[in-house]
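Taking it in order: structure first as structure tokens, then the write-up.
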Amino acid sequence: MNVNPEKQKLLVSRYLRIAQIWAVYSYCIRRQVGALIVKDKMIISDGYNGTPMGFENICEDDDDHTKAYVLHAEANAITKVAQSNNSSLGATLYVTTSPCIECSKLIIQAGIKRVVFGEVYRITDGVELLKRAGIECVQLNINNEK
């Protein structure tokens, strides 16, 4: 099956834009991150960074540090798909910020084969681990695209 490269790039860009939309639902002040898991052109899971279910929706402590129990967008999306009848095996993860090392371990174990991200986080060990595991990593700047 031949896929038009321009159409594919547009689709990838749109999924990343949807992840950006999900990011605004985060109650975190310091950084809002959104994530989507897509398989066979279907969104099978989504997530944004925040506190666990049943906790107050406050991500930072009084000193403006992120609370240790805040879940990252990728972790929320992966655990959400784990509760469903879907499988993330072979899927693509779209996330607004490149994954940290802890989320990268989850991505590897979830069988995700491709990660598309917007901005690069200041610590790049997560992306390095993904590449070491043979997971395709693509940075896409969609802020300048239509």
Quiz item: Donor-acceptor pair, Lys39 side chain versus Ile44 backbone, under 3.5 Å?
Solution: no
Quiz item: Less than 4.5 Å apart, any side-chain heavy atom of Val95 and any of Val33?
Solution: yes
Quiz prompt | Exercise: identify the closest heavy-atom pair between Tyr121 and Thr97 | solution = CB-CG2, 3.7 Å
Quiz item: With distance as the sole test, does Asp40 use its side chain to make a donor-acceptor pair with the main-chain N or O of Met42 at under 3.5 Å?
Solution: no
Exercise. For the residue pair Tyr15 and Tyr94, categorise the inter-ring angle as parallel (less than 30°), tilted (30 to 60°) or perpendicular (more than 60°).
Key: tilted
Self-check item: Contact check, side chains of Trp22 and Leu36, non-hydrogen atoms, under 4.5 Å
Solution: yes
Practice problem: Taking the side chain as every heavy atom from C-beta outward, state whether Lys113 and Thr92 have any atom pair closer than 4.5 Å. | Solution: no
Quiz item: Does the Ser104 side chain pair with the main chain of Gly126, one donor and one acceptor, at a distance under 3.5 Å?
Solution: yes
Quiz item: In Å, rounded to the nearest 0.5 Å, how long is the span from CG of Asn141 to CZ of Phe117?
Solution: 11.5 Å
Quiz item: Applying the 4.5 Å side-chain criterion to the ILVMFWY set and letting contacts propagate, would Tyr25 and Ile18 be lumped into a single cluster?
Solution: yes
Quiz item: Stepwise, does the side chain to side chain contact (heavy atoms under 4.5 Å, CB included) test hold for Leu129 with Asp125?
Solution: CA-CA 6 Å; Leu129 182 65; Asp125 55 356; over 6 Å; no
Self-check item: Joint hydrophobic cluster, Tyr48 plus Val38, side-chain heavy atoms closer than 4.5 Å
Solution: yes
Exercise. Work out which heavy atom in Cys103 is nearest to a heavy atom in Pro99; give both atom names and the distance.
Key: CB-CB, 4.3 Å
Quiz item: Are the side chain of Thr96 and the backbone N or O of Gly118 linked by a donor-acceptor pair below 3.5 Å?
Solution: no
Quiz prompt | Heavy-atom closest contact (Asn49 atom, Ser26 atom, distance) | solution = O-OG, 2.8 Å
Self-check item: Partner of Arg14 under side chain to side chain contact (heavy atoms under 4.5 Å, CB included), chosen from Val12, Leu16, Leu10
Solution: Leu10
Quiz item: Side chains of Arg31 and Glu119: does their closest heavy-atom pair fall under 4.5 Å?
Solution: yes
Quiz item: Do the non-hydrogen side-chain atoms of Lys67 and Ile58 ever get within less than 4.5 Å of each other?
Solution: yes
Quiz item: Going by an N to O cut-off under 4.0 Å, is there a salt bridge joining Glu6 and Lys9?
Solution: no
Practice problem: Before giving the answer on side chain to side chain contact (heavy atoms under 4.5 Å, CB included), spell out for Val115 and Glu136 the whole-Å C-alpha distance, their side-chain angles and the decisive distance to 0.1 Å. | Solution: CA-CA 6 Å; Val115 175; Glu136 180 185 0; over 6 Å; no
Quiz item: Roughly how far, to the nearest 0.5 Å, is CD1 of Ile78 from OG of Ser45?
Solution: 8.5 Å
Exercise. Identify the residue among Val116, Ile37, Ile135 that makes a side chain to side chain contact (heavy atoms under 4.5 Å, CB included) with Leu93.
Key: Ile37
Exercise. Walk me through it: do Glu74 and Leu106 pass the test side chain to side chain contact (heavy atoms under 4.5 Å, CB included)?
Key: CA-CA 8 Å; Glu74 306 94 318; Leu106 294 174; over 6 Å; no
Quiz item: So does Phe55 have more than 12 non-hydrogen atoms from other groups sitting under 6.0 Å from CZ?
Solution: yes
Exercise. Might you point out which heavy atoms bring Thr79 and Asn76 nearest each other, and give the distance in Å?
Key: OG1-O, 3.2 Å
Practice problem: Measure from the side-chain N and O atoms of Glu60 to the backbone N and O of Ile29, and report whether any donor-acceptor pair falls under 3.5 Å. | Solution: yes
Quiz item: Do the non-hydrogen side-chain atoms of Gln32 and Gln20 ever get within less than 4.5 Å of each other?
Solution: no
Quiz prompt | Trace of the side chain to side chain contact (heavy atoms under 4.5 Å, CB included) decision for Asp46 with Lys80 | solution = CA-CA 7 Å; Asp46 52 56; Lys80 190 174 179 180; 2.5 Å; yes
Exercise. Would you give the length of the straight line joining atom SG of Cys100 to atom CZ of Arg122, rounded to the nearest 0.5 angstrom?
Key: 11.0 Å
Self-check item: Shortest non-hydrogen contact between Val70 and Cys59, atoms and distance
Solution: CG2-O, 3.6 Å
Self-check item: Asn57 to Thr51 - nearest heavy-atom pair and separation
Solution: OD1-OG1, 3.7 Å
Self-check item: Cluster link Val127 to Leu140, ILVMFWY, side chain under 4.5 Å
Solution: no
Practice problem: Give the cluster check for Leu130 versus Val138: same hydrophobic cluster or not, with ILVMFWY residues linked at side-chain heavy-atom distances below 4.5 Å. | Solution: no
